[in-house]
Structures are given as structure tokens and as C-alpha cells.
Amino acid sequence: MRESAFLVLTALADEPRHGYAVIQEVHRISDGQVRLQAGTLYGVLERLRNAGLIEVDREEVVQSRLRRYYRITALGATRLAEETERLRKRANLAAARLRKLAPEGGVA
Amino acid sequence: MNSLERRYRSLLALYPADHRAIYQEEMVGVLMDGTSPGQRYPRLGEAANLISAAVWRRLGGAAGSLTDPGWRPAAAVFGLLGSLLMMARETYSIVEHLFPPPWIHQMVGPGEQSVLGPHFWFAVSYAVLWLVPVAAMIVGWQRLAAVVASGLVAWSGWGYVWIIGKSAAVDPPSSLVWLTIEITTVAALWVPAESRSVRRQLGWRRIGLLLGAGALLSILGYVEHLQGNYRVLPVAGIRFSSWSLPLAVIAVGFIGYVVFRLEDRSRRRVLAFIAPALVQLVVIGYDVFGISEGWRLQPSIADISGEDMGVRGWGEISVLLLVPLVAFAIAIVAVRQRERSLRLAKLGRERERETATAQSAPSTRDGGDPTLRSPDDGQAT
């Protein structure tokens, strides 16, 4: 799973969000490192939707503009959990090796 | 609509119509939400991102759709089918050497058919080696199947170039179709599938049908030899005896049954894998471009020596090689378009259901029959 897809799924994991809210949430959870552009975001949303990992929650019209809220599906939550576990294992492995590498009181 | 929104819309116009129909209004909202006060033009990075995403969506969509997981099970099934066809072809060739069909003397002249010559032993070795990918795909050792099949294709590809160069008495047009089957089979075998994907999708009964089809195709040569008479099909110049054609039809029927019993997404993709060889067969058989001039051992490519290939010779081969590539590209786009239409139709039906549910809710509250409500009513968020 690509990082952008992982971040979008994470942004939708706690509550349904519309497109601009997803951009803001991804920016926040990535500590300001990732700011999705609209073209990238809708490429990711389309792929996730086609794969059944997210779905439309509801639509609203705000200031004459369509606002579509997306929510994560059960399959999406499962995939996100699997990916999180995979990343956690890698991070734990890296941390363990860094502990061996570092002198006492050093890294990690 | 202000000038900035108009400019965003002109950038979004680069997307394909189906994407715009679903996402354009939403994307305009997102883009306008992200604007700064007084902004009159899209930001450079934003514009570049929209243009590249739109171009990728248009041009890369077909290639991108190859990476979707739906191709994996289909590739595994086609990997088995292609390997089986290759093994059947080589076995047919062995049988043909041992029991020559009635037309063989007419084609190569009496005494020219060497029964146990190098061609025979090549066929034996190929048949045995193609058995490896067949067995490996059934057992679930896909990597082994891919490696062995790749070696066989590399070897036969080299042999094909050598034959063209030597102007040997073979039938390069039909060999090209087999080369296409070999290449698509190898490509399919390298697509990573889940373990034991073939057995899970087909089950032993349908695997048995495929093996039966392979066996029937393999023994056609013997049936033709036994009958001793033959006719020529008005198309493609295919020769057959009164028993071999029905047997071939039964074998194709078995394969067709197995393919059409696949899950929809897999079936469409298996047909896309079949398309290159099938279209090439039609192009050559019907001599669509006026270059193959018949089916077997006719003038044209087969009779052009390596030195005299010239522009026409290489042009013929280029067209015949390009045909399967174009056919595959069209098949991929067709699969994508079909699934997009189905998805849109499904979305439309869902929307109609939601609208009907919303309209029926007030009447239910007003005393409508509560038993008519769908179980999903009231669960929407």
C-alpha cells in the first residue's frame, strides 16, 4: 500500500470526512510533511473506492458546492490494520537493530 | 462562478468524461476551499498536479488497470491454459510425426518427412518441458512454472529468428500465433497470484476438463491419420478429417466452459489474455492485411530468404507482431470500460434505491405498512 493511500485510510479511520478535510487531516497526521494536492487525492480516493476500501457516506451542498463525505469500509479497516501491523514489525525490527548498533545510552 | 473557478474547471476538463461526471463538482469545491484570499490563478504546483493526474488518468489508466488485483487470478488460469495448449501442440507434433496425416505427403513430398529426425526430438523435449509449467501451476509452484516457460519461450524465439533467417520449410505465420500464445503465457505466469490460485478457482473437476481438452487436441493427428481423408476449411485453410473437427470443437468447448464458469472479473481478463492470439489467428487466417497469403507453407514470409526479407518481409512481420500488442491493449481498455459501466450502473441503482427509501419513509410514518420497509431502513448514517 502506497503512503498516500495509507494516510487517506488513516484520515478516514475515525470518522467520515470530505475531500478538503481529508487533505487537512493527512497534513496533520503526517506532522505537516504531506500535503496532498487535489489531483493526487482524487486519484487515491478513486482507487480506494474501486477496491472497496472506502465508500461514500453522504453528500452535502455547502455554498452551492458539492461536498461528498467518505468513510472507511470494514475491508478498508482490515487492510489498514494489516498494513499498520506490517509497518510496526518493520519499525520494531529497525529499532532493535539500532539498539544493538548504538553505544550505551545512545540511539533508541 | 468567478474567474478562478473557471480556470480550475478548464484544468479539470483535461480529465476523462467519466471521471468528471463523478468527481468534478467535488474537486472544484476542494480546490476552492484551498484558495487564499485574492487568489486569481491556480497555483503552479496545483496546476501541474491536476494536469499530470489527468494525463495519467487518460493515458496510464489502461496500464494502471493491469496492476489491479483482478488480473492475478485470471493470469494464473491463463498461465495454466497457455502452458497446456503449448504442451498439446508439441504432443500433436509428436503424434503427427509418428502417424502422418493424409495431407503431409502432399505438402512436403513423399520421403521428406523424417519420422525420428531432429524436429521429432525437439517436439518430444518441448512437450516434456511444457508439462512442468502445467503441473507446477496445478500444484501451486507458480515461480517454477514461470522460470521454465520463460526458458522455453526464449529458446523457441531464438529458433524462430533462426528459421526466418534460414528460410526453412516451416510455416512462420502459424508459428507466430504459437509464439504469441507462448509470450502471453509467460507474461501471465510472472503475474504473482495467491498460492494454489488455480485449484481454488477451478477445482479438480474443471482442471480435469482442461486436461481432457489438452488430451483431445493432442490426439487429433492420430485421428486424422486413421481416417485417411480430409477436407479443407474455406477459411484459414485448416485441414481436418470428419472426426478431428468434432473432437477439436469438443476440446474448445471444454476450454470455453471452464473460462465461462469463472468469476466475472477473471473471465473478462482471461478473454483479454486470449485476445492477442485469437486476433492474430483471424488476421493471418483471413489474410486481413493481404500479407499472409493463406495459411500453411504458402508464398510470402515462408518463402522469403533471410537475404531477401526487404522492407515488405519485415513489414509483414512487424504487422503480425504489432497485431497482438494492439489487440491486448484494446482488450485491457475494453475490460476497464465494461467494469466502469457496471460500476456506474450499480451506483445508479443504489441512488435510485436511496431515493425510493427516502420517499417511502414519510408515508410509513404517516401510517404506511411497516412490514414493507427494507431491513436497511433507518441504518443509514
Side-chain angles (χ1 to χ4, degrees), chain A residues 1-2 4-5 8 11-12 14-28 34-79 82-83, chain B residues 1-2 5 8-9 11-12 14-16 18-35 42-58 60-61 64-65 67-70 265 336 339-340 342-344 346-347 350-351 354-355 358 379-381:
Chain A
M1 186 183 289
R2 291 179 190 170
S4 52
V8 169
L12 295 174
D14 57 345
E15 61 181 73
R17 286 189 162 86
H18 58 80
Y20 190 63
V22 171
I23 290 176
Q24 289 176 312
E25 185 64 7
V26 165
H27 190 247
R28 194 182 68 76
V34 178
R35 177 173 281 283
L36 291 176
Q37 299 275 13
T40 308
L41 171 70
Y42 280 89
V44 174
L45 288 176
E46 189 182 27
R47 280 199 300 277
L48 293 175
R49 209 173 155 189
N50 290 345
L53 305 188
I54 61 168
E55 61 191 2
V56 174
D57 182 74
R58 65 185 187 277
E59 290 177 353
E60 290 175 357
V61 177
V62 178
Q63 293 174 338
S64 307
R65 292 204 179 95
L66 175 68
R67 190 170 269 185
R68 193 176 275 150
Y69 286 75
Y70 295 93
R71 65 169 172 240
I72 195 166
T73 61
L75 178 63
T78 306
R79 290 280 164 81
E82 288 169 358
E83 185 66 8
Chain B
M1 186 192 301
N2 62 25
E5 183 175 336
Y8 277 133
R9 285 184 185 277
L11 284 171
L12 292 172
L14 296 172
Y15 277 91
D18 64 321
H19 187 276
R20 289 203 307 274
I22 300 173
Y23 295 109
Q24 176 165 287
E25 292 310 310
E26 194 184 343
M27 288 179 81
V28 168
V30 168
L31 289 162
M32 293 303 291
D33 280 346
T35 55
R43 281 184 283 267
L44 192 62
E46 212 170 42
N49 178 257
L50 285 175
I51 292 168
S52 63
V55 170
W56 174 249
R57 183 67 169 64
R58 278 185 182 276
S65 68
T67 61
D68 86 58
R265 283 163 61 86
R336 205 174 51 137
E339 292 186 349
R340 185 166 298 154
L342 290 172
R343 200 169 56 246
L344 289 175
K346 189 181 166 203
L347 285 173
E350 283 173 2
R351 176 58 57 88
E354 282 169 14
T355 309
Q379 290 179 10
T381 51

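Per chain, numbering begins at 1; letters A, B, ... match sequence-line order.
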Review point. What option among A:Asn50, A:Val56, A:Leu41 has the most heavy-atom pairs under 4.5 Å with chain B?
Key: A:Asn50
Point to revise | Region of A:Arg49 that comes under 4.5 Å of a non-hydrogen atom in chain B | key: side chain
Exercise for review: Flag the pair B:Asp18 and B:Arg57 as a salt bridge only when some basic side-chain nitrogen lies within less than 4.0 angstrom of an acidic carboxylate oxygen.
Suggested key: yes
Review point. Non-hydrogen atoms of chain B under 4.5 Å away: do they reach the side chain of A:Arg67, the backbone, both or neither?
Key: side chain
Check your understanding: Can you say whether A:Glu46 sits under 4.5 Å from chain B via the side chain, the backbone, both, or neither, judging by heavy atoms?
Key -> both
Study note, to complete from the structure: Sorted by chain and number, sequence neighbours left out, salt bridge (Lys or Arg N to Asp or Glu O under 4.0 Å) with B:Glu25 holds for B:Arg9
Exercise for review: May I ask you to test the A:Arg71-A:Ile54 pair for a side-chain heavy-atom distance under 4.5 Å?
Suggested key: no
Check your understanding: Quick one: are B:Leu14 and B:Val55 in side-chain contact, heavy atoms under 4.5 Å?
Key -> no
Point to revise | Under the side chain to side chain donor-acceptor pair (under 3.5 Å) test, residues paired with A:Arg65 that sit two or more places apart | key: B:Glu5
Study note, to complete from the structure: Looking only at B:Leu347, B:Leu11, B:Asp33, B:Ile51, the option with the highest number of non-hydrogen pairs under 4.5 Å against chain A is B:Asp33
